[in-house]
Participant: 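If you scroll down you'll find the structure; I have some questions about it.
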Amino acid sequence: MSKNDQNDKSGRDSHYATLRRNVRDAKRQRGDIPTPDPRKRPKPAHENWKAPQLQPDQVFLYGLHTVRAVIDNPERKIVKLTVTQNAFVRLDIGESHALPFPVEFVSPQDIDKHLGPDAIHQGAMIETKPLPVRRLEALKESNLILVLDQVTDPHNVGAIMRSAVAFEAGALITTQRHSPTESGVMAKSASGALEMIPYIQIGNLADALAELQKLGFQTIGLDSEGPAPLEGTFAAGKVALVLGSEGKGLRQKTRETVDALARLDMPGAIKSLNVSNAAAIALYAARQHLAKA
């Protein structure tokens with residue numbers, strides 16, 4: 001068939017489709033056929049998706065960087081790797097039969113059914129046990145700690161975790177309530193950093209700050225109305241930066257417990273930043289101070 005013949009055929013098909021629609025619309029106007037009720041249209045498959053019920057010791061993480069970091073972490077107990085053939089090649093972890101955990105090869109749609117339509121899994125999902133619980137006493141050798149006061153968005157916590165690893169923070173500390181637990185969303189946002197830094201969740205933030213102070217940390221709360229700029233507030237060789245949620249900021253009890261409140265000076269018209277951006281700037285400033293201490 002020539003190119004002209006193909007174009008002619010395509011044009012005829014389009015013409016006949018238009019005629020069919022016109023005939024159908026005319027029948028609906030006369031009442032010969034009913035008008036479809038949009039409320040009765042079947043929902044797309046993803047709108048009916050429900051997250052599977054997980055056990056307390058089940059963690060599902062996904063994405064190539066995250067999965068590879070999990071496999072490389074000796075503290076992880078891996079239950080199973082679920083992966084597409086293409087993603088397995090990209091992980092570059094050797095032969096499947098030689099790995100110390102089972103590997104199941106599936107289609108991307110199989111992973112979608114488990115994680116939901118919004119998860120950017122890149123064809124790789126891994127089931128693991130939660131990371132071991134860490135205690136504050138283990139942080140004696142660190143000189144930089146990041147503390148979050150009820151930052152609830154797992155995307156933000158993951159981004160903060162990535163910055164914390166970049167600036168060699170010893171741990172990321174959050175509260176057990178109003179803070180995300182280990183999850184695929186947080187781990188994907190952290191891009192592997194969840195496996196590289198202790199993520200410590202404590203029951204009482206004020207008590208944890210007091211314990212950090214006993215370990216020699218200067219606890220500094222970030223506040224847009226802080227009395228002094230952050231770079232002029234550092235006064236010790238060990239620093240614990242404390243950041244609050246984006247809407248409420250630091251809670252009053254936290255303000256009263258930290259050693260000092262400080263602000264990030266911004267000369268522009270916008271005087272506040274996303275908490276993950278503020279964390280990265282504060283970590284850089286703290287690292288600059290500690291390099292001179």
Side-chain angles (χ1 to χ4, degrees), residues 51 54-83 87 90-93 99-101 111 114-116 118-136 138-139 141-142 144-202 208 240-243 245 274-280 282-283:
L54 300 181
Q55 298 300 316
D57 64 344
Q58 277 186 308
V59 178
F60 285 90
L61 306 178
Y62 56 84
L64 290 172
H65 286 299
T66 300
V67 168
R68 182 57 194 264
V70 168
I71 293 170
D72 290 342
N73 184 0
E75 294 189 346
R76 276 288 187 188
K77 184 177 180 181
I78 299 172
V79 178
K80 184 173 72 171
L81 172 63
T82 305
V83 66
R90 295 175 66 188
L91 284 172
D92 191 22
I93 54 176
L99 295 171
F101 46 82
I111 301 178
H114 188 91
L115 297 177
D118 298 325
I120 305 175
H121 52 72
Q122 300 173 293
M125 176 181 74
I126 196 162
E127 180 183 354
T128 83
K129 300 297 183 182
L131 285 167
V133 175
R134 302 292 186 91
R135 304 297 180 189
L136 294 181
L139 305 178
E141 303 305 318
S142 303
L144 179 58
I145 301 295
L146 201 56
V147 183
L148 303 181
D149 185 6
Q150 296 192 349
V151 177
T152 58
D153 187 344
H155 295 91
N156 276 336
V157 175
I160 291 169
M161 190 174 291
R162 189 173 182 179
S163 295
V165 170
F167 289 103
E168 291 188 327
L172 179 61
I173 300 171
T174 68
T175 53
Q176 290 174 348
R177 297 183 61 197
H178 306 294
S179 296
T181 57
E182 279 185 63
S183 69
V185 173
M186 185 174 73
K188 186 71 166 59
S189 299
S191 192
L194 177 60
E195 310 304 316
M196 303 174 189
I197 186 171
Y199 182 56
I200 302 174
Q201 293 189 288
I202 45 85
L241 297 167
V242 188
L243 293 92
S245 63
N274 173 282
V275 65
S276 63
N277 293 332
L283 284 164

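Numbering starts at 1 and runs along the sequence shown. Every heavy atom of this structure was used, including side-chain atoms; hydrogens, water molecules and symmetry mates were not.
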Participant: Could you grab the distance from atom OG of Ser191 to atom NE2 of His65, nearest 0.5 Å is fine?
Facilitator: 5.0 Å

Participant: Of all the heavy-atom pairs spanning Ile197 and Leu172, show the shortest one and how long it is.
Facilitator: CD1-N, 3.9 Å

Participant: Measuring from atom CD1 of Ile200 to atom CG of Leu146, what distance do you get when rounded to the nearest 0.5 angstrom?
Facilitator: 12.0 Å

Participant: How close do Met186 and Ser183 get, heavy atom to heavy atom, and via which atoms?
Facilitator: N-OG, 3.2 Å

Participant: Could you tell me whether a side-chain N or O of Glu182 sits under 3.5 Å from a main-chain N or O of Leu131, the two making a donor and an acceptor?
Facilitator: yes

Participant: Measuring from Leu81:CG to Ile93:CD1, what's the distance to the nearest 0.5 Å?
Facilitator: 5.5 Å

Participant: Taking the side chain as everything from C-beta on, heavy atoms only, tell me whether His155 gets closer than 4.5 Å to Val185.
Facilitator: yes

Participant: Are any of the side-chain heavy atoms of Phe60 and Ile126 separated by less than 4.5 Å?
Facilitator: no

Participant: I want to check something: taking the side chain as every heavy atom from C-beta on, are Gln201 and Ser179 in contact at a cut-off of under 4.5 Å?
Facilitator: yes

Participant: What distance separates Leu194 CG from Asn73 CG, expressed to the nearest 0.5 Å?
Facilitator: 8.5 Å

Participant: Please name the pair of heavy atoms, one in Gly184 and one in Tyr62, separated by the smallest distance, quoted to 0.1 Å.
Facilitator: CA-CE2, 3.5 Å

Participant: So does Leu144 get a backbone contact from the side chain of Ser142, meaning a donor-acceptor N/O pair under 3.5 Å?
Facilitator: no

Participant: Out of curiosity, Asp57 CG to Lys129 NZ, how far, rounded to the nearest 0.5 Å?
Facilitator: 3.5 Å

Participant: A side-chain contact here means heavy atoms from C-beta on lying under 4.5 Å apart; do Leu241 and Ile145 qualify?
Facilitator: no

Participant: Count the heavy atoms of every other residue, nucleotide or ligand shown that sit under 6.0 Å from CZ of Arg76, and state whether that count exceeds 12.
Facilitator: yes

Participant: Determine, for Glu195 against Arg68, whether the closest basic-nitrogen to carboxylate-oxygen distance falls under 4.0 angstrom.
Facilitator: no

Participant: What closest approach, in Å, do Ala193 and Val165 show between heavy atoms, and which atom pair accounts for it?
Facilitator: CB-CG2, 3.7 Å

Participant: To the nearest 0.5 Å, how far apart are CD1 in Ile78 and CD in Glu127?
Facilitator: 11.0 Å

Participant: Is the closest side-chain heavy-atom distance between Pro180 and Tyr199 below 4.5 Å?
Facilitator: yes

Participant: Taking the side chain as every heavy atom from C-beta outward, state whether Ile173 and Leu139 have any pair of such atoms under 4.5 Å apart.
Facilitator: yes

Participant: Taking all atoms of both residues into account, what is the closest heavy-atom pair of Leu64 and Ala124, and its distance?
Facilitator: CD2-CB, 4.2 Å

Participant: Is there side-chain contact between Leu243 and Val147, with heavy atoms separated by less than 4.5 Å?
Facilitator: no

Participant: So, for Ser276 and Ile160, which heavy atoms are closest and what is the spacing to 0.1 Å?
Facilitator: CA-CG1, 3.5 Å

Participant: Return yes if some donor-acceptor pair links the side-chain N/O of Thr66 with the main-chain N/O of Ala187 below 3.5 Å, else return no.
Facilitator: yes

